[in-house]
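Below you'll find the structure, written out as structure tokens, and then a few comments.
Labels below follow one simple rule: chain letters A, B, ... track the order of the sequence lines, proteins then strands, and each chain is numbered from 1. When reading the values below, keep in mind they use all heavy atoms of this one structure, side chains included, and skip hydrogens, waters and symmetry mates.
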Amino acid sequence: MTQVGAYNAQDVEDKWYQYWMEHNYFHSEVDDREPYTIVIPPPNVTGILHMGHMLNNTIQDVLIRRARLKGFNACWVPGTDHASIATEAKVVARLKEQGIQKADLTREQFLKHSWDWTQQYGGVILDQLKKLGASCDWERTKFTLDPGMSTQVIKSFVDLYNKGLIYRGYRMVNWDPEAKTTLSDEEVNFVEQQGDLFYISYKIQHSDQTLTIATTRPETIFGDTAICINPDDERFAHLKGKKAIVPICNRVIPIIEDPYVDIEFGTGCLKVTPAHDENDKMLGDTHKLEVIDIFNDDASLNSFGLHYQGKDRFVARKEIAAELKELGALIKTEQHLNKVGTSERTKAVIEPRLSDQWFLKMEDLVKPAIKAVLEQDDVVLHPKKFENTYRHWMTNIRDWNISRQLWWGQQIPAYFYGDGKEDFVVAETIEDALVLAKEKTSNASLKSTDLRQDPDALDTWFSSWLWPMSVFDGLNNPDNKEFNYYYPTNDLVTGPDILFFWVARMIIAGYEYTGKKPFKNVYLTGLVRDKQRRKMSKSLGNSPDALQLIQTYSADGVRVGLLLSAAAGNDLMFDEGLCQQGKGFSNKIWNAFKLTQSWDIDATISQPESSKIAINWYQSCLQQTLVEIEDHYSKYRISDALMASYKLVWDDFCGWLLEIIKPPYQAPIDKKTYDSVIALFEDNLRILHPFMPFLTEELWHAIANRTPQEALIVNHWPKTTTIDTALLTDFEFAAEVISGIRTIRKEKNIAFKDAISLSVINTEKIDDQFDVVIKKLGNISEMSSVSSGVEGALTFRVKSNEYFIPIEGTIDVKQEILKLKEELQYTQGFLKSVQGKLKNQKFVSGAPQQVVDNERKKEADAIAKIETIETSIKNLS
RNA sequence: GGGCGCAUAGCUCAGUUGGUUCAGAGCACUUGGUUUACACCCAAGGGGUCGGGGGUUCGAAUCCCUCUGCGCCCA
């Protein structure tokens with residue numbers, strides 16, 4: 001007998017993580033085994049662990065630990081992302097606090113600050129993942145700006161440029177005036193805002209007439225280069241071919257006609273500002289209009305804004321409205337609800353702006369990626385429903401703006417040698433660039449100092465889209481042993497919010513560079529929300545502190561809590577109660593172990609029949625659950641796999657098996673039973689290990705002294721054997737009998753410690769092997785088979801078997817009969833509906849044979865049961 | 001404005017090809033139970049016209065139409 005104390009999760013968790021690290025179990029090297037690879041979605045280098053990370057890294061750890069147990073060479077590659085916009089914004093903000101403006105620094109100085117920041121905070125989130133139990137191969141940790149990673153990004157840029165897929169375009173882009181950078185469409189959020197609709201009057205040249213235009217942005221009148229009307233609009237027919245005068249700046253602009261104008265909206269007249277609106281740009285192109293950009297980089301007005309020069313766009317808007325009013329040009333203003341594009345990062349209102357940018361042509365690149373997911377199932381999305389979203393995006397894809405006006409990131413490897421738009425070459429190094437530039441210009445005297453590298457950096461996603469390849473150096477060195485072994489990877493676990501940003505692009509890059517998928521399965525988790533369904537966010541302050549949660553509920557508890565309600569692709573309503581449930585489960589397992597250790601083992605006593613049968617039953621039960629779990633995993637239904645394991649251990653192992661084999665108080669247990677139970681407990685631990693790595697490893701070593709080679713983390717998944725289904729069915733029947741006894745005990749207030757006797761009319765011809773179990777769990781002193789009813793006994797039925805419990809004193813016959821009659825009525829009704837179906841010729845001929853047979857069986861069962869009940873009623877009356 | 005999805009017990013959700021996994025799970029709730037692993041426990045129990053309406057079918061939570069409410073993505 002061993003004394004086992006209470007479970008102290010914190011000490012245990014630290015101890016085992018250290019042990020795992022010391023013995024290098026997480027590290028993977030190329031060998032003969034089949035690989036199983038996951039690359040982590042690299043969190044932002046300056047980020048801290050939040051609930052979303054916890055969820056998706058728990059899932060990855062479950063998958064990787066299970067693969068390890070299944071004998072695969074499991075490799076989970078961790079890393080961080082340089083997250084150019086987010087990180088640069090943070091660095092700029094910190095410098096500002098120190099009184100330093102980014103504009104006052106050189107690029108080199110600024111990058112030095114950024115690297116300092118990265119080194120200071122970069123490891124934090126990875127350390128937090130360790131607390132969660134993440135078994136990443138830390139020796140392989142990568143950072144998207146590592147020199148080896150960056151060269152691959154540059155290589156791919158040059159390659160795509162040389163293939164003619166990257167071009168420089170003057171395009172309308174989303175300009176973030178605060179971060180002073182371009183954003184991709186995906187980084188712009190549209191938020192509803194109550195604004196004003198201004199009705200501005202323009203004079204018609206050489207006449208007294210005016211026309212009125214509705215606009216939400218009066219400050220852009222300085223950029224107006226035309227007025228547009230619908231050619232079919234009768235109201236404005238008289239204006240055709242005339243010219244209008246822009247108020248304040250008094251520029252004369254043409255009145256053009258285009259069916260694009262919506263006659264119904266506003267006044268039916270549209271002012272055209274090609275520099276500051278996508279649709280206006282389109283009109284401008286069609287009608288060859290002048291383009292006047294009126295803004296500086298920070299969205300203050302430039303010299304075209306005349307006396308508003310230097311003023312912010314929103315300040316200018318108010319003041320211009322006031323001036324227009326003074327001039328009598330402002331007819332009225334109306335309240336107007338519109339959707340305003342804002343920066344995902346800085347929340348600044350986006351300014352549509354024309355600028356020179358680098359673009360990647362997507363049309364041909366997406367083709368293999370569409371085929372792989374939607375036609376060939378080469379890459380499978382879980383859950384499937386995301387295929388529709390994927391299809392929609394991929395078939396409507398636009399060219400990707402890959403340049404950002406930032407310093408933190410890979411600098412675009414384009415080198416300018418002159419002032420012309422086409423005066424550049426693209427090369428991996430400045431030396432190569434010089435060679436190319438000399439060739440292109442036929443100017444042999446060019447020097448590298450004559451070259452100016454494009455100051456812009458590449459979009460962060462342009463480096464992370466290579467991630468599954470670049471972490472294995474696959475672009476620098478495509479024939480290397482590791483890349484060939486680990487790639488394609490197996491599973492990718494990430495949130496659906498970056499299906500386009502990241503997942504789709506990795507698939508595109510994978511096919512472009514290797515002709516192969518980057519991963520086989522994509523598991524899309526849901527978003528973690530709070531109980532009120534709100535997204536977890538810093539500003540709402542509704543995101544619990546991840547490390548605090550681990551401290552309160554243990555890492556195992558939090559892992560279980562998160563997984564319990566996390567079906568793939570479904571948002572997860574986070575509730576601390578779930579973690580409590582996880583912790584409760586740890587406690588349950590711990591106490592089950594504590595119980596087994598409290599017994600004295602006696603090798604001389606023989607095994608009770610009830611223990612023998614119960615152990616056989618649990619063996620089958622575990623095997624059956626194993627099949628179920630396997631099926632859940634194969635469909636990436638991780639929470640179902642957990643729930644199946646949870647019920648196996650809690651209900652079947654603790655609730656039934658341990659209760660059956662438990663020796664009487666202070667009596668010893670026979671050795672055979674003890675050994676079998678421990679062996680089965682070990683199988684439980686193997687199954688639970690991926691979900692609860694710490695507790696299971698602790699118990700694994702508490703059971704026996706084990707060498708490092710024998711640690712649970714590198715042990716094996718339970719071996720599969722045969723399932724005795726007849727045994728399972730018989731047990732189920734016995735469980736119903738026990739439940740019947742318990743119900744009667746409760747109804748009649750018969751305490752468990754009072755033994756009772758039980759008789760049965762065994763119409764069902766049930767095997768008596770479980771009688772010993774029924775006797776033990778029902779506290780039955782005597783159990784006998786009878787051929788006819790027992791007088792003065794309480795009864796219950798399981799199928800057509802009738803059970804009798806004689807009790808002292810008289811039973812309330814009237815009430816018993818009433819109960820029986822109710823049961824009879826219900827069964828008769830059930831029989832009637834079954835027979836109704838069977839009488840229906842269309843059902844019998846139309847339904848599959850199996851369904852019809854089933855109905856016949858139901859009919860027979862019901863008839864037998866009715867007979868049993870009727871006999872009982874007769875006996876009582 | 002376009003696209004995708006959801007609505008099942010008080011809550012969070014399963015329910016795969018229409019029929020024994022068909023009305024289910026976990027939690028919560030009610031009642032009873034503690035000298036004998038665990039009250040973070042055990043047992044028993046209540047609770048849903050599967051969002052409304054219509055249709056297809058021998059048969060619908062499941063397929064189709066429509067209405068209502070909600071969520072997400074994109075313009």
Could you write out each protein N or O paired with an N or O of nucleotides 59-64 of chain B at a distance under 3.5 Å?
none

Nearest-nucleotide pick for [X], side chain only, options being [options]:
X        : options                : result
A:Asn591 : B:rA37, B:rC40, B:rU16 : B:rA37
A:Lys746 : B:rU36, B:rC42, B:rG32 : B:rG32
A:Ala592 : B:rC73, B:rA37, B:rC4  : B:rA37
A:Arg637 : B:rA75, B:rG15, B:rU16 : B:rG15

If you compare every side-chain N and O of [X] against the phosphate oxygens of [N] (OP1, OP2), does one of them come in below 4.0 Å?
X        : N      : result
A:Lys748 : B:rA44 : no
A:Arg742 : B:rG32 : no
A:Trp650 : B:rC42 : yes
A:Asn396 : B:rC74 : no

Heavy atoms from other residues, nucleotides or ligands near CD of A:Glu363 exceed 12 (cutoff 6.0 Å) = no

Could you tell me the separation between the [atom1] atom of [X] and the [atom2] atom of [N], rounded to a whole number of Å?
X        : N      : atom1 : atom2 : result
A:Phe500 : B:rC72 : CZ    : C1'   : 10 Å
A:Tyr7   : B:rA37 : OH    : P     : 22 Å
A:Leu595 : B:rC42 : CG    : P     : 13 Å
A:Asn174 : B:rC74 : CG    : C1'   : 13 Å
A:Phe585 : B:rC41 : CZ    : P     : 12 Å
A:Ile750 : B:rG33 : CD1   : P     : 15 Å
A:His632 : B:rC13 : NE2   : C1'   : 14 Å

Determine, stepwise, if the pair A:Ile805 / A:Phe796 fulfils side-chain contact (heavy atoms from CB on, under 4.5 Å).
-> CA-CA 9 Å; A:Ile805 299 173; A:Phe796 64 91; 4.0 Å; yes

Under 4.0 Å between any heavy atoms, over every strand shown, what does [X] touch: base, sugar-phosphate, or nothing? Just pick one.
X        : answer
A:Arg745 : nothing
A:Thr596 : nothing
A:Asn587 : base

Give me the distance, rounded to whole Å, that separates [N] from [M] when you measure between the [atom1] atoms they each carry.
N      : M      : atom1 : result
B:rU68 : B:rC41 : P     : 47 Å
B:rG10 : B:rC29 : C1'   : 8 Å
B:rA23 : B:rU16 : P     : 15 Å
B:rG47 : B:rA9  : C1'   : 6 Å
B:rG51 : B:rU8  : P     : 6 Å
B:rU35 : B:rU31 : C1'   : 24 Å
B:rC50 : B:rC22 : C1'   : 11 Å
B:rC40 : B:rG26 : C1'   : 16 Å

Please tabulate, one pair per line, each protein N/O and nucleotide N/O from nucleotides 23-26 of chain B that are separated by under 3.5 Å, including the distance.
unit_1: B:rA25; atom_1: O2'; unit_2: A:Lys647; atom_2: NZ; d: 3.4
unit_1: B:rG26; atom_1: O2'; unit_2: A:Gln581; atom_2: NE2; d: 3.0

Is any side-chain heavy atom of [Y] closer than 4.5 Å to one of [X]?
X        : Y        : result
A:Leu563 : A:Ile59  : yes
A:Asn684 : A:Leu622 : yes
A:Tyr618 : A:Asp652 : yes
A:Ile741 : A:Ile756 : yes
A:Ile397 : A:Trp393 : yes

Closest heavy-atom pair and its distance - [X], [Y]:
X        : Y        : value
A:His632 : A:Ala644 : CD2-CB, 4.4 Å
A:Asn8   : A:Asp11  : ND2-OD2, 3.1 Å
A:Pro608 : A:Asp670 : CD-OD1, 3.3 Å

When syn is taken as a glycosidic angle within 90 degrees of 0, is B:rU31 syn or anti?
->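 Anti conformation for B:rU31.
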
Which range-with-range stems can be found for RNA chain B when each stem has 3 or more Watson-Crick or G-U pairs in a row and both distances sit under 3.5 Å?
->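 Stems (3+ consecutive pairs) listed as B:1-7 with B:68-74, B:10-13 with B:24-27, B:29-33 with B:41-45, B:51-55 with B:63-67.
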
Give the intermediate values and the outcome of side-chain contact (heavy atoms from CB on, under 4.5 Å) for residues A:Ile615 and A:Leu657.
-> CA-CA 7 Å; A:Ile615 282 163; A:Leu657 179 66; 4.2 Å; yes

Could you pick out which residue, A:Asp497 or A:Leu658, lies toward the 5' side of RNA chain B when each is mapped onto its nearest nucleotide?
->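 That would be A:Leu658.
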
Ranking A:Phe593 and A:Thr389 by the position along RNA chain B of their nearest nucleotide, the one closer to 5' is A:Thr389

Please state whether the base of B:rA37 and the side chain of A:Glu659 form at least one donor-acceptor pair under 3.5 Å?
-> yes

State whether the distance check finds a donor on one side and an acceptor on the other, under 3.5 Å, for side chain A:Lys583 versus base B:rC40.
-> no

Aromatic ring proximity, centroids under 6.0 angstrom, A:Phe770 and A:Phe733 | no

Residue of the set A:Ile661, A:Asp675, A:Val677, A:Asp600 for which side chain to side chain contact (heavy atoms under 4.5 Å, CB included) holds with A:Ile669 = A:Ile661

Measure the spacing between SG of A:Cys621 and CG of A:Leu626 and express it to the nearest 0.5 Å.
->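 Going from SG on A:Cys621 over to CG on A:Leu626, the span is 11.0 Å.
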
